Student: 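Pasting a structure here, questions to come.
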Amino acid sequence: MQLPLSVPQAVQASRQPRSGWQCVSADGRFEVRLTRSPEDIAAAQRLRFRVFYEEMAAEPSAEMARLGLDFDDFDSQCDHLMVFDRNRPAGEQVVGTYRLLRREVAEQHGGFYSSAEYDLQPMLDYVGPMGGLLELGRSCVHRDYRTNATIQLLWRGISTYISDHGISFMFGCASFSGTDPQAHALALSYLHAHHLPPPEWRVRAVPGRYEPMNLLPPDQISPRAALHALPPLVKAYLRLGAYIGDGAVVDRQFGTTDVFILLPVERIAPKYHNRFNSDEGLVHHA
């Protein structure tokens with residue numbers, strides 16, 4: 001799949017908040033959209049339900065199961081980044097989504113989603129009251145579109161959002177399948193040994209939910225084997241320059257073992273900035 005979407009130079013420089021925009025590929029097939037439309041959010045919730053509850057091991061509430069939607073109170077607060085394949089039937093065109101929550105919005109509505117699992121205060125103190133923070137959540141891609149190309153489409157949208165809002169730090173939780181951290185001992189131990197952030201802004205799992213990640217002694221950690229065992233999304237974050245918080249958290253509703261991701265924008269390698277911001281093939285951005 002060609003990656004024909006981009007972030008124009010004028011948009012990168014403006015950093016003017018916008019309630020929504022869209023980019024369409026040169027052939028008209030793929031669209032990336034930033035939206036708060038109730039209809040779009042419902043479409044994202046349907047995709048999330050199919051992936052998290054039907055395909056994976058999450059346990060829906062009775063209302064979620066009745067409606068076939070994954071939802072919570074944060075959906076109405078967040079911006080929603082979505083990828084559409086216009087060649088699919090109506091009602092089935094959403095193939096990828098991210099939920100985006102900025103600091104100023106979170107502070108008006110009771111905080112960030114990930115604060116239920118991690119103590120964010122070290123990060124908040126380090127960044128300071130004026131620092132641009134963005135929480136990434138509910139990452140979800142249709143099973144037929146789990147390719148680097150789809151992830152790049154989403155990240156080109158995130159790149160635009162970062163520029164629009166002056167974001168300096170991105171963060172959120174990423175998941176391993178299953179609720180037994182020991183099943184991921186090698187990968188978790190590798191992350192703990194090699195990817196913790198500096199102590200002065202190290203986020204740690206909240207008391208009562210903290211699961212140790214240093215499960216193996218250093219001489220038993222093979223980086224090559226550990227990288228192979230990492231979920232694709234975690235590997236993608238590490239390639240961008242992300243750090244991993246201290247401690248895993250078991251999320252029994254979603255049937256996962258979570259780790260905390262912290263990505264300073266300044267650590268993203270130039271080659272990825274160039275890839276996400278390429279001007280090739282842009283036909284609409286408004």
Side-chain angles (χ1 to χ4, degrees), residues 98-103 106 111-139 151 154-155 158-159 161-162 165-176 181 184-207 209-216 218 221-251 256-273 275-276:
Y98 254 108
R99 197 165 71 175
L100 311 179
L101 182 59
R102 287 177 285 121
R103 180 182 195 164
F112 290 107
Y113 177 88
S114 54
S115 63
E117 296 188 358
Y118 288 88
D119 177 9
L120 306 181
Q121 200 59 50
M123 176 184 69
L124 298 175
D125 291 344
Y126 178 82
V127 174
M130 302 304 293
L133 287 169
L134 175 63
E135 183 179 52
L136 305 176
R138 286 300 202 273
S139 172
I151 296 300
L154 286 166
W155 272 93
I158 291 172
S159 181
Y161 198 88
I162 289 169
H165 295 282
I167 300 300
S168 56
F169 277 73
M170 294 179 284
F171 67 95
C173 294
S175 300
F176 291 77
H184 304 288
L186 175 60
L188 292 176
S189 298
Y190 166 79
L191 294 175
H192 181 86
H194 295 282
H195 293 284
L196 289 179
E200 58 268 25
W201 43 281
R202 185 173 299 170
V203 169
R204 179 181 170 91
V206 298
R209 303 195 71 179
Y210 182 96
E211 296 284 347
M213 295 173 62
N214 55 335
L215 302 174
L216 298 177
I221 302 172
S222 164
R224 184 182 182 89
L227 286 169
H228 182 74
L230 289 173
L233 185 60
V234 175
K235 283 193 282 192
Y237 285 133
L238 293 181
R239 284 195 294 269
L240 291 174
Y243 294 104
I244 305 295
D246 182 11
V249 171
V250 172
D251 186 334
T256 59
T257 298
D258 296 345
V259 295
F260 188 82
I261 305 292
L262 178 56
L263 176 56
V265 172
E266 66 179 11
R267 278 178 60 89
I268 299 177
K271 67 177 180 179
Y272 291 111
H273 276 299
R275 183 181 303 173
F276 299 144

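Values below: every heavy atom of this structure, side chains too, minus hydrogens, waters and symmetry copies. Since the model is a prediction, treat every value here as computed from it, not as a measurement.
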Student: Can you list the steps and then say if Val249 with Val206 is a side-chain contact (heavy atoms from CB on, under 4.5 Å)?
Tutor: CA-CA 9 Å; Val249 171; Val206 298; 5.8 Å; no

Student: Sequence neighbours excluded, which residues qualify as side chain to side chain contact (heavy atoms under 4.5 Å, CB included) partners of Ala225?
Tutor: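 Listed in chain order: Leu186, Ser222.
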
Student: Would you please name every residue forming a side chain to side chain donor-acceptor pair (under 3.5 Å) with Arg209, sequence neighbours left out?
Tutor: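 None.
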
Student: Quick one, Tyr118 with Phe171, criterion ring pair (Phe, Tyr, Trp, His ring centres under 6.0 Å). Give me CA distance, side-chain angles, the key distance, then yes/no.
Tutor: CA-CA 11 Å; Tyr118 288 88; Phe171 67 95; over 10 Å; no

Student: Applying salt bridge (charged side-chain N to carboxylate O under 4.0 Å, His left out), which residue pairs with at least one partner in residues 123-139 are found, sequence neighbours left out?
Tutor: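 Checked against salt bridge (charged side-chain N to carboxylate O under 4.0 Å, His left out) - neighbours excluded - the pairs reaching residues 123-139 are Asp70-Arg138, Asp72-Arg138.
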
Student: Please list every donor-acceptor pair under 3.5 Å in which a side-chain atom of residues 188-196 meets a protein atom from a residue at least two apart or in another chain.
Tutor:
| residue | atom | partner | partner atom | Å |
| --- | --- | --- | --- | --- |
| Ser189 | OG | Ala185 | O | 2.7 |
| Ser189 | OG | Met213 | O | 3.3 |
| Ser189 | OG | Leu215 | N | 3.0 |
| Ser189 | OG | Leu216 | N | 3.0 |
| Tyr190 | OH | His195 | NE2 | 3.1 |

Student: So, for Leu101 and Gly111, which heavy atoms are closest and what is the spacing to 0.1 Å?
Tutor: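 Smallest interatomic distance, heavy atoms only, reads CD2-O, 4.1 Å.
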
Student: Suppose we screen for side chain to side chain donor-acceptor pair (under 3.5 Å). Which residues come up paired with Tyr98, at least two apart in sequence or across chains?
Tutor: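 In terms of side chain to side chain donor-acceptor pair (under 3.5 Å), with neighbours along the sequence ignored, Tyr98 is linked to Tyr237.
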
Student: Asp119 vs Val203, test: side-chain contact (heavy atoms from CB on, under 4.5 Å). Steps then yes/no.
Tutor: CA-CA 6 Å; Asp119 177 9; Val203 169; 5.7 Å; no

Student: Where do Ile244 and Pro197 come nearest, in terms of heavy atoms and distance?
Tutor: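 Heavy-atom minimum between the residues: O-CD, 3.0 Å.
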
Student: So, do Leu124 and Leu133 sit near enough that their side-chain heavy atoms are less than 4.5 Å apart?
Tutor: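 The answer is yes; the side chains approach within 4.5 Å.
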
Student: Tell me, please, which residues at least two apart from Ser175 pass side chain to side chain donor-acceptor pair (under 3.5 Å).
Tutor: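 Only Asp258 meet the side chain to side chain donor-acceptor pair (under 3.5 Å) criterion with Ser175.
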
Student: Identify, with sequence neighbours excluded, every residue that meets side chain to side chain contact (heavy atoms under 4.5 Å, CB included) alongside Pro264.
Tutor: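 For Pro264 the side chain to side chain contact (heavy atoms under 4.5 Å, CB included) partners, ignoring immediate neighbours, are Phe169, Trp201, Tyr243, Glu266, Arg267.
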
Student: Taking all atoms of both residues into account, what is the closest heavy-atom pair of Met170 and Ile158, and its distance?
Tutor: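 That closest heavy-atom pairing would be SD-CG2, 3.8 Å.
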
Student: Looking at CG of Leu263 and CD1 of Ile268, how far apart are the two atoms once the value is rounded to the nearest 0.5 Å?
Tutor: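 Here the rounded value is 4.5 Å.
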
Student: Return the set of residues passing side chain to side chain contact (heavy atoms under 4.5 Å, CB included) with Ala229 (not counting sequence neighbours), or none when no residue passes.
Tutor: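 Partners of Ala229 by the side chain to side chain contact (heavy atoms under 4.5 Å, CB included) criterion, ordered by chain and then number, come out as Ala187.
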
Student: Check Tyr161 against Arg102 and note the closest heavy-atom contact, atom names and distance.
Tutor: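 Heavy atoms only, the tightest pair is OH-NE, 2.8 Å.
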
Student: Locate the shortest heavy-atom distance separating Pro223 from Ile221; write the atom from each residue and the value.
Tutor: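 So the two residues come closest at CD-O, 3.2 Å.
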
Student: Would you mind reporting whether Met123 and Leu262 have side-chain heavy atoms less than 4.5 Å apart?
Tutor: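 Yes; the side chains approach each other to less than 4.5 Å.
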
Student: Please answer whether the main-chain N or O of Gly132 pairs with a side-chain N or O of Arg103 as donor and acceptor at a distance below 3.5 Å.
Tutor: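 Not confirmed, Arg103 side chain does not pair with Gly132 backbone.
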
Student: Identify, with sequence neighbours excluded, every residue that meets side chain to side chain contact (heavy atoms under 4.5 Å, CB included) alongside Pro231.
Tutor: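 Result, side chain to side chain contact (heavy atoms under 4.5 Å, CB included) vs Pro231: Phe176, Val234.
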
Student: Holding to salt bridge (charged side-chain N to carboxylate O under 4.0 Å, His left out), I want the full list of residues that pass it with Asp246, two or more places apart in sequence or in another chain.
Tutor: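 By the salt bridge (charged side-chain N to carboxylate O under 4.0 Å, His left out) rule, Asp246 matches Arg204.
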
Student: Once rounded to the nearest 0.5 Å, what's the spacing between atom CD1 of Ile151 and atom OG of Ser139?
Tutor: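 Rounded to the nearest 0.5 Å, the CD1-OG separation comes to 5.5 Å.
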
Student: Set out, in order, the CA-CA distance, both residues' side-chain angles and the distance that settles side-chain contact (heavy atoms from CB on, under 4.5 Å) for Leu100 and Leu136, then state yes or no.
Tutor: CA-CA 5 Å; Leu100 311 179; Leu136 305 176; 3.4 Å; yes

